[in-house]
Amino acid sequence: MTLEGRLTDRDDWTGPGRCSMERALELVGTRSAMLLLREAYYGARRFEDLARRARITEAAAATRLRQLVADGLLERRPYREDGQRTRHEYLLTDKGRDLHAVFVALVRWGDTYIEDGPVELAHAGCGAAVDVQVRCGAGHDVGLDETVVRVPRSRRASPQ
């Protein structure tokens, strides 16, 4: 990556607390959060299924699900089966669904550099493998060496 404008002097600014990636990781940067989201993507909705399939303790699942709801990634909705007490299920919100590309990227990275996983992600329409590409708004593929880090135009104090 290339730093541009006032960001070129790394000792003159810092990202902690202001970096979008850092703030995103505060929401989903734990193993349990991503495993619970994975299970939600795969269709699990009920607490017991989410905890069991993610292979985390119920206490850890309860804590993490509370946080995912508070952060707006999941919605907690009551349901009741005949003769049973009211329970809650967890549904993905738009914010949670928008992490789909991150999920796909992690799966594909793991398949490439660790080992092929037990599942394959494919497009339901044609059967081709699902992949994630980094592209600019004009549709060009963008590599790490072609990425520029700069202050957004809306936040620039003066034209650069």
side-chain hydrogen bond (donor to acceptor under 3.5 Å, both in side chains): pairs with one or both residues in residues 41-58, sequence neighbours excluded: Arg46-Tyr79, Arg46-Glu81, Glu48-Arg87, Asp49-Arg52
Chi angles and distances behind the side chain to side chain contact (heavy atoms under 4.5 Å, CB included) call for Thr147, Thr2: CA-CA 6 Å; Thr147 302; Thr2 302; over 6 Å; no
Single-linkage hydrophobic cluster, 4.5 Å side-chain cutoff, Val104 and Val119 together: yes
More than 12 heavy atoms of other groups within 6.0 Å of Glu115 CD: no
Approximate separation, where rounding is to 0.5 Å, of Glu75 CD and His88 NE2: 10.5 Å
Leu36 versus Ala54, closest heavy-atom pair with distance: CD2-CB, 4.1 Å
Trace of the side chain to side chain contact (heavy atoms under 4.5 Å, CB included) decision for Met34 with Leu106: CA-CA 10 Å; Met34 286 306 296; Leu106 285 170; 3.9 Å; yes
Hydrophobic cluster membership, Val107 vs Leu35, 4.5 Å side-chain cutoff: no
pair Asp12-Arg6: side-chain heavy atoms closer than 4.5 Å: no
For the student: nearest non-hydrogen atoms of Ala40 and Leu50, plus distance: N-CD2, 4.0 Å
Leu3 versus Thr8, closest heavy-atom pair with distance: O-CG2, 3.1 Å
Pairs of donor and acceptor atoms involving the side chains of residues 59-73, under 3.5 Å and at least two apart or interchain, shall be tabulated with distances.
residue: Thr63; atom: OG1; partner: Ala59; partner atom: O; Å: 3.1
residue: Arg64; atom: NE; partner: Thr30; partner atom: OG1; Å: 3.2
residue: Arg64; atom: NE; partner: Ser32; partner atom: OG; Å: 3.0
residue: Gln67; atom: NE2; partner: Asp71; partner atom: OD1; Å: 3.1
residue: Gln67; atom: NE2; partner: Asp71; partner atom: OD2; Å: 3.1

Leu74 vs Leu91 side-chain heavy atoms within contact, under 4.5 Å: no
Between CZ on residue Phe47 and CZ on residue Arg76, distance to nearest 0.5 Å: 10.0 Å
Neighbour count >12 (heavy atoms, 6.0 Å) for atom CZ, Arg31: no
Closest contact, heavy atoms only, Ala101 versus Val132: O-CG2, 3.4 Å
Whether Arg80 side chain and Gln84 backbone form a donor-acceptor pair below 3.5 Å: yes
Donor-acceptor contact present, side-chain Asp111 to main-chain Gly117, <3.5 Å: yes
Same apolar cluster: Ile114 and Leu121, side chain cutoff 4.5 Å: no
Any Leu99 side-chain heavy atom under 4.5 Å of Val28 side chain: yes
Side-chain donor or acceptor of Arg97 paired with backbone N/O of Leu92 under 3.5 Å: yes
Glu146 (side chain) donor-acceptor with Gly143 (main chain) under 3.5 angstrom: yes
Distance-minimising heavy-atom pair for Thr86 and Pro78: CG2-CB, 3.8 Å
Cluster link Leu144 to Val148, ILVMFWY, side chain under 4.5 Å: no
